[in-house]
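Quick notes on the structure that follows.
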Amino acid sequence: MKATRRHDVRWRRLLAALLAMPLLMFAASAYSAPKTLLVLGDSLSAEYGLTRGSGWVALLDKRLQQEKISTGIINASISGETTIGGKTRLPALLSKHAPDVVIIELGANDALRGLQLSATQTNLQALIDMARAAKAKVVLVGMQIPPNYGADYTNKFSQLFPAAAKRNKTALVPFFLKDVADKPALFQADRMHPNEQAQQTLLDNVWPALQPLLK
């Protein structure tokens, strides 16, 4: 009788262990599941004037591999892109790639083309709304423009990004070109696009806002 009871207890324990295995496997799989990162940017993220594979997005991919953070990167950046263009393209990108995180690096070309600030604000909000509706976290990359556009326009433009981030409680890169904009040696001959030597600094500016979202 005692032997039968011991056998019964062992059987129940084995059965419980077998039933728990799928749950443990699912938990491990969910924890280690690779993430997808979508970069929606302009020439600053599209390696304009740079050797392929030397831009900050490519350096980000290398850093993720070094730190063993399983994340695939979709760089959907296009030179000359505006918030209007990004708003047009984003729905298809979200549908195709289902990203976990979206980096929005747009707005500088709006200012260069004289787009009204209210339009840029509306478009940034639309981009954030689209990404969130697709269950993606957002990193908004802040930009600034030279003072020759007038102090009022320049100041209001730079405030669009922190205001949008605060309003939507998204991650924010305060200024993408921090420690680059004031160093002429870090720009290409056009004096508008950062050169290869600047790309690591651009990545370092983005990383503090991005890294917590990839855990």
Side-chain angles (χ1 to χ4, degrees), residues 38-52 54-60 75-90 102-131 138-168 170-210:
L38 174 67
V39 182
L40 185 69
D42 52 32
S43 57
L44 299 179
S45 299
E47 295 188 328
Y48 177 88
L50 304 177
T51 302
R52 298 300 92 177
S54 65
W56 77 267
V57 178
L59 297 180
L60 170 61
N75 191 355
S77 303
I78 297 177
S79 294
E81 186 69 291
T82 62
T83 57
I84 296 174
K87 187 171 67 172
T88 301
R89 293 194 299 124
L90 185 55
V102 176
I103 296 179
I104 300 173
E105 184 272 300
L106 292 173
N109 286 315
D110 292 27
L112 292 176
R113 298 184 183 189
L115 194 67
Q116 291 185 353
L117 293 173
S118 58
T120 300
Q121 180 183 34
T122 298
N123 294 336
L124 287 175
Q125 185 61 54
L127 290 168
I128 294 171
D129 290 341
M130 289 177 190
V138 174
V139 177
L140 189 60
V141 179
M143 284 298 300
Q144 298 177 19
I145 56 175
N148 54 298
Y149 285 84
D152 185 60
Y153 187 91
T154 299
N155 292 334
K156 288 181 178 178
F157 177 82
S158 66
Q159 289 304 310
L160 288 176
F161 302 93
K166 182 178 180 180
R167 183 168 60 249
N168 294 279
T170 67
L172 173 70
V173 177
F175 180 33
F176 190 32
L177 299 184
K178 178 187 175 186
D179 297 326
V180 173
D182 58 346
K183 296 178 175 61
L186 295 181
F187 282 84
Q188 299 178 40
D190 62 9
R191 299 183 181 181
M192 293 181 63
H193 295 91
N195 58 27
E196 290 187 17
Q197 288 68 42
Q199 299 304 306
Q200 185 62 55
T201 300
L202 297 183
L203 172 56
D204 290 341
N205 289 339
V206 173
W207 185 248
L210 173 63

[X] and [Y]: which non-hydrogen atoms are nearest, and at how many Å?
X	Y	answer
V57	S45	CG2-O, 3.8 Å
P194	L50	O-CD2, 3.8 Å
M143	L177	CE-CD1, 4.2 Å
A209	L172	CB-O, 3.6 Å

* To the nearest 0.5 Å, what is the distance between CG (N195) and CG (L186)? ->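 It comes to 5.5 Å.
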* Asked: What is the distance from atom CE of M130 to atom CD1 of I104, rounded to the nearest 0.5 Å?
  ->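 Those atoms lie 9.5 Å apart.
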* To do: Return the set of residues passing salt bridge (Lys or Arg N to Asp or Glu O under 4.0 Å) with E81 (not counting sequence neighbours), or none when no residue passes.
  =>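 Scan of E81 (salt bridge (Lys or Arg N to Asp or Glu O under 4.0 Å), adjacent residues dropped) gives R89.
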* Sequence neighbours excluded, which residues qualify as salt bridge (Lys or Arg N to Asp or Glu O under 4.0 Å) partners of K183? ->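 Per chain and number, K183 pairs via salt bridge (Lys or Arg N to Asp or Glu O under 4.0 Å) with no residue.
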Between [X] (side chain) and [Y] (backbone), is there a donor-acceptor pair under 3.5 Å?
X	Y	answer
N109	T82	no
S77	G41	yes
Q199	S54	no

Non-hydrogen side-chain atoms of [X] and [Y] separated by less than 4.5 Å:
X	Y	answer
L44	V141	no
N205	F175	no
F161	V173	no
L38	L90	yes
V206	E105	no

* To do: Decide side chain to side chain contact (heavy atoms under 4.5 Å, CB included) for L40 and I103; before the verdict, give the C-alpha distance in whole Å, the side-chain angles of both, and the deciding distance to 0.1 Å.
  => CA-CA 6 Å; L40 185 69; I103 296 179; over 6 Å; no
* To do: Scan for ring pair (Phe, Tyr, Trp, His ring centres under 6.0 Å) pairs involving residues 178-198, sequence neighbours excluded, and state none if there are none.
  =>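 As it turns out, the ring pair (Phe, Tyr, Trp, His ring centres under 6.0 Å) pairs with a partner in residues 178-198, which skip direct neighbours, are Y48-H193.
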* Got a sec, which pairs hit salt bridge (Lys or Arg N to Asp or Glu O under 4.0 Å) with one end in residues 186-208, sequence neighbours left out? ->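 Those involving residues 186-208 are R63-D204.
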Under 3.5 Å, which donor-acceptor pairs do the side chains of residues 119-128 form with other protein atoms, sequence neighbours left out?
| residue | atom | partner | partner atom | Å |
| --- | --- | --- | --- | --- |
| T120 | OG1 | D110 | OD2 | 2.9 |
| T122 | OG1 | S118 | O | 2.9 |
| N123 | OD1 | K87 | NZ | 2.9 |
| N123 | ND2 | T83 | OG1 | 3.0 |
| N123 | ND2 | A119 | O | 3.1 |
| Q125 | OE1 | R167 | NE | 3.2 |
| Q125 | OE1 | R167 | NH2 | 3.3 |
| Q125 | OE1 | N168 | ND2 | 3.0 |
| Q125 | NE2 | D129 | OD1 | 2.9 |
| Q125 | NE2 | N168 | OD1 | 2.8 |

* Please assess L210 against L60 for the test side chain to side chain contact (heavy atoms under 4.5 Å, CB included), listing each intermediate value before the final yes or no. => CA-CA 10 Å; L210 173 63; L60 170 61; 3.8 Å; yes
* Restricting to pairs with a member in residues 139-154, which pass side chain to side chain donor-acceptor pair (under 3.5 Å), not counting sequence neighbours? ->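 As it turns out, the side chain to side chain donor-acceptor pair (under 3.5 Å) pairs with a partner in residues 139-154, which skip direct neighbours, are D152-K156.
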